[in-house]
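Sequence lines set the chain letters: A, B, ... in the order given, protein chains first and strands last, and positions in each chain run from 1.
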Amino acid sequence: MNRIDAKFKELKEKGVPAFIPFITAGDPNLDATRELILEFDRRGADMIELGVPYSDPIADGPVIQSSYYRALSSGIKFSDILELVRDVRKESQIPIVSMISQSILFKYGHKEFVKNAAKAGLDGATIPDLPIEEAEDIIETGKVEDFKVACFIAPTTTDDRVDLIVKKSQGFLYYISVVGITGSKNELNKEITTNIQKIKKATSLPVALGFGISTPEQARMAGRIADGVIVGSAIVREIEKHINQDCSVLVDKVGEFVGELVTSTKNQN
Amino acid sequence: MKTMTDNNINIAEAFYGQNIPDKSGHFGEYGGKFVPETLMPALEQLEREYLTAKDDPKFNEELKYYLNEYVGRPSPLYFARRLTEKLNGPKIYLKREDLNHTGAHKINNTMGQVLLAIRMGKKRIIAETGAGQHGVATATAAAMFGLECDVYMGEEDIRRQSLNVFRMKLLGANVIPVKTGSKTLKDATNEALRDWMSSVVNTHYIIGSVVGPHPYPVMVRDFQIVIGQEMREQIQSAEGRLPDYIIACVGGGSNAIGAFYPFIDDKDVKLIGVEAGGLGYDVGQHASTLSSGEKGVLHGSLSYVLQDDDGQTSPVHSISAGLDYPGVGPEHSYLKDIHRAEYVSVTDDEAVDAFSMCARLEGIIPALEASHAIAYMVKFAPTVDKDKIIILNLSGSGDKDSFEVASKLGIDL
């Protein structure tokens, strides 16, 4: 069974939501990314969303865009990121889903991407600039290797689009909790609860909530209504804060923050 | 003056075939919609609204009114006698888009899109701009209709185009400096798209060229084909026949597609797009996307792009801020692949020489963007028979470029 499916199944049985931290591969360097993933695993994170840096992201906010620049300025290539995942797999079986722009995916080729990503130990991908109409090919290609292409739903998504998306998405659904870019708002919208309930009626796929969740308290609220909670910008900001310190200090500090988010997400009382 | 619905809008259908572009905006494999899910409903709304407006006589009448009475259309098709004599080749006509209100073709599109925004009930307009011509044209249309307007502009372009920045501010627009990446047009586009993702409910994003996700490439083209439609009538009345060549500069490609499109079925009319060759052929030195790029996805559509082996956008350079862009409209990629249009490039230096030449011979200071088209014509015309006719689309005025050219020539203003 795909690691993503297995994890959500396990958590569903336990009745607790998943906590999914996002980091950018190579920010500030690949060694740090490796250590961060292992640390997040130790701290109880359930899955990692691993950002593949891209020069011209449109779905990401300024915090994550800066992390992409930091990663790219060290000259890393997609092949280095696959190497990193292979390396992590020697020590950890935590599910890892990549977040990758269609720009890079297209250049790489869907078949090549899925084959190499799955072989390296990636379990799936989210592609923020690939709407469902254009996603058929990569989703089908993914199925061949049991590689999960998870799709997005936004508060602006119309009902007929929701129907289409829940039918096609693999592994889980990524619900964008604010209208806008990652990390831009500070509270959870009330409409979200209604929307998520609606989605859950239409599908048995787990629904993860992301975009704009930045504090342990927000993570707890999100965990109450969703099957998974994704935090990105707030963690990347924490990395940024400790960027000039030793790798071990950085990993420790960021790990501590992720630990708080995990605890808060899991303790719903 | 004609607007898009006066003639058959599907002029090129006979040549392209029935299903180009298809319903999701694909020109062959190019085009499409590659944007976050958040924006999809907005694009669908825009497409619906655009398709209705296109067939609504009231909308067309209103657009026509503003294009005639406010923009000053039709723009003249001027026989450039001295350029013709100097180059000693075919007859040269200049399509004077520089004489439009605000000094470029960009306003054809912004008038159309602002009217659409009003139809959709959106009170705020955002735009990206490179040379500032699109920003000025957007700010102008927004001012005229009393809409709030924010224009994203790269810091490097703000430096090169300070005059246009000042004009936008005079027109009541906010100019938001973009400090990320190369601080030019592509980065301004990223920021504008990002703004739109969180403001889509009350904001319309006016893309300035035939780039971006569907329906922009088709819609912006339709607002610009007035250029080619007028050319057609004007050259018929001046010469009693169609031209042999149409030459236009290509950054994103809106002025070029506007000039080319009404002639696509006329196979004897050769269409030539001129890209920015910058300082030379090395990566980072030019912006010749069609001449030396490859297929890729940028800013919401699949087209030719300048990118590295890993799919990261390559740095680009052009003396002309309006051409300094690593992508190009999907329809141009299609025209290139089906060999209906030819794409060439000229260098910064050649463009600056053409800029001066046009000023001295014709008393017209062309935009640096259009100077690229002129520069190619300067090389090309002498090789062509005298009984031929070239129309050059002079897409904008060069007043905005005075400082940049002066500094290139080592003159301190």
Side-chain angles (χ1 to χ4, degrees), chain A residues 52-62 65-66 68-69 72 75-81 100-109 113 126-135 151-158 160-162 164-165 173-176 178-182 184-185 211-212, chain B residues 22-26 29 31-45 178-182 186-203 212-214 294-303 305-315 326-327:
Chain A
V52 176
Y54 171 50
S55 57
D56 292 275
I58 51 177
D60 302 291
Q65 185 178 21
S66 302
Y68 285 173
Y69 285 138
L72 288 175
I76 70 161
K77 300 278 179 192
F78 185 65
S79 53
D80 300 323
I81 296 171
I100 183 166
S101 165
Q102 178 62 17
S103 301
I104 296 174
L105 208 54
F106 180 85
K107 173 70 189 175
Y108 208 81
F113 169 76
T126 60
I127 310 155
D129 49 2
L130 191 70
I132 197 73
E133 288 81 352
E134 304 273 1
C151 302
F152 291 86
I153 294 178
T156 49
T157 306
T158 50
D160 45 336
R161 291 185 62 79
V162 170
L164 188 66
I165 295 166
L173 283 156
Y174 192 136
Y175 188 84
I176 299 168
V178 288
V179 181
I181 44 171
T182 51
S184 61
K185 296 277 167 0
F211 279 51
Chain B
D22 69 8
K23 275 191 180 143
S24 352
H26 296 95
E29 64 183 307
K33 288 178 195 163
F34 297 92
V35 294
E37 174 59 25
T38 317
L39 291 182
M40 287 302 284
L43 291 175
E44 285 174 358
Q45 183 200 13
V178 175
K179 300 171 195 205
T180 50
S182 57
K186 87 172 167 78
D187 309 283
T189 308
N190 293 340
E191 286 301 326
L193 277 164
R194 202 170 279 158
D195 178 312
W196 204 31
M197 281 187 58
S198 52
S199 64
V200 61
V201 182
N202 67 355
T203 298
H214 181 64
E294 56 180 25
K295 287 169 199 171
V297 174
L298 178 69
H299 293 149
S301 65
L302 207 167
S303 195
V305 297
L306 292 166
Q307 62 183 4
D308 70 9
D309 292 343
D310 231 28
Q312 309 290 349
T313 311
S314 298

Check this for me, if you would: do B:Glu191 and B:Lys179 make a salt bridge, where the nitrogen-to-carboxylate-oxygen distance has to be below 4.0 angstrom? no
Who are the side-chain hydrogen bond (donor to acceptor under 3.5 Å, both in side chains) partners of A:Thr158, not counting sequence neighbours? A:Asp160
Please state whether the side chain, the backbone, both or neither of A:Pro53 comes within less than 4.5 Å of a heavy atom of chain B. backbone
Taking all non-hydrogen atoms of both residues, which atom of A:Phe152 and which atom of A:Pro128 are closest, and how far apart? CE1-CA, 3.5 Å
Whatever's closer than 4.5 Å to a heavy atom in chain B on A:Ile76 counts as backbone
Of the backbone (N, CA, C, O) and the side chain (C-beta and beyond), which part of A:Pro131 lies under 4.5 Å from a heavy atom of chain B, both, or neither? both
Which portion of A:Leu72 sits near chain B, non-hydrogen atoms under 4.5 angstrom: side chain
Begin from the C-alpha positions of B:Trp196 and B:Ser199 and carry the test side chain to side chain contact (heavy atoms under 4.5 Å, CB included) through to its verdict. CA-CA 5 Å; B:Trp196 204 31; B:Ser199 64; 4.2 Å; yes
Might you point out which heavy atoms bring B:Pro41 and A:Thr156 nearest each other, and give the distance in Å? CG-O, 2.9 Å
Under 4.5 Å to a heavy atom of chain B? For A:Tyr69 that would be side chain
Under the ring pair (Phe, Tyr, Trp, His ring centres under 6.0 Å) rule, collect the residues that match up with B:Phe34, sequence neighbours excluded. none
Comparing B:Asp308, B:Val305, B:Leu39 against chain A, the one with the most heavy-atom pairs below 4.5 Å turns out to be B:Asp308
Please identify, among B:Gly32, B:Pro213, B:Gly181, the residue contributing the most non-hydrogen atom pairs under 4.5 Å to chain A. B:Gly181
At a heavy-atom distance under 4.5 Å, which candidate from A:Leu130, A:Asp129, A:Ile127 has the highest pair count against chain B? A:Asp129
Tell me, for A:Ile165 versus chain B, whether the close heavy atoms (under 4.5 Å) come from the side chain, the backbone, both or neither. side chain
For A:Ser55, the option from B:Asp187, B:Thr180, B:Asn190, B:Thr313 that meets side chain to side chain donor-acceptor pair (under 3.5 Å): B:Thr313
Cut-off 4.5 Å, heavy atoms of chain B, and the answer for A:Phe78 is both
